[in-house]
Amino acid sequence: VFTGYLPNLQPFYANIDVLVLTSDREPFGRVIVEAMCCGRAVIASAVDGVPEVVEDGRTGCLVPAEDISAYTQKILCLLKNPENCRQMGKNARRSASKRFSKLNYQQELIRILANQHSELL
């Protein structure tokens, strides 16, 4: 389904079981974090910054980029094991809420700036 622009993705995430991201380049993966915040397991290419976001086997699954067989295997595995998929989604929500919250971002920024400031002194 090609939806075009969606101003609010929360209803979309509420209607999927798993987010599959097949990018062969992905510096960070904001869409991954959004899906995780909505409690969805993620299957994504293990490229660039994605492995820093998705914990393989805990919040989702990482596969080699462009490996269609690996994507297929992981998708079928999660869909055949809905409880495992739901648990990954719960883990994903917890992880994203903790690691990518505004508060965490502010605290990390303050920590980095404090370290830079102390190095200059």
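As the structure is a computational prediction, the values presented were derived from the model and not from experiment.
Atom-to-atom distance recorded for Y71:OH and L21:CG is 7.0 Å, nearest 0.5 angstrom. The distance from atom CG of N84 to atom CG of N91, rounded to the nearest 0.5 Å, is 9.0 Å. Expressed to the nearest 0.5 Å, how far CZ of R25 lies from CG of D48 amounts to 6.5 Å. Note: K74 NZ to C77 SG = 6.5 Å, rounded to the nearest 0.5 Å. Taking CD of Q107 as the reference point, atom OG of S101 lies at 7.0 Å (rounded to 0.5 Å). Taken to the nearest 0.5 Å, the CD1 atom of I43 stands 5.0 Å off from the CD1 atom of I75.
Using modelled atom types, no side-chain atom of R40 and backbone atom of I32 make a donor-acceptor pair closer than 3.5 Å. The closest donor-acceptor contact from the side chain of R94 to the backbone of T59 lies at 3.5 Å or more, if one exists at all.
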CA sep, side-chain torsions, deciding dist, call: L109, Q106, side chain to side chain contact (heavy atoms under 4.5 Å, CB included): CA-CA 5 Å; L109 187 58; Q106 291 168 341; 5.7 Å; no
Starting from the C-alpha separation in whole Å, work towards a yes-or-no answer on side chain to side chain contact (heavy atoms under 4.5 Å, CB included) for C61 and D56. CA-CA 5 Å; C61 303; D56 191 32; 4.0 Å; yes
Report the C-alpha separation of V18 and C85 in whole Å, then their side-chain angles, then the decisive distance to 0.1 Å, and conclude whether the side chain to side chain contact (heavy atoms under 4.5 Å, CB included) test is met. CA-CA 8 Å; V18 179; C85 188; 3.5 Å; yes
Derivation of the side chain to side chain contact (heavy atoms under 4.5 Å, CB included) call for M36 and S95: CA-CA 8 Å; M36 290 171 65; S95 175; 4.2 Å; yes
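When hydrophobic clusters are built by joining Ile, Leu, Val, Met, Phe, Trp and Tyr residues whose side-chain heavy atoms come closer than 4.5 Å, directly or via intermediates, V54 is grouped together with L9.
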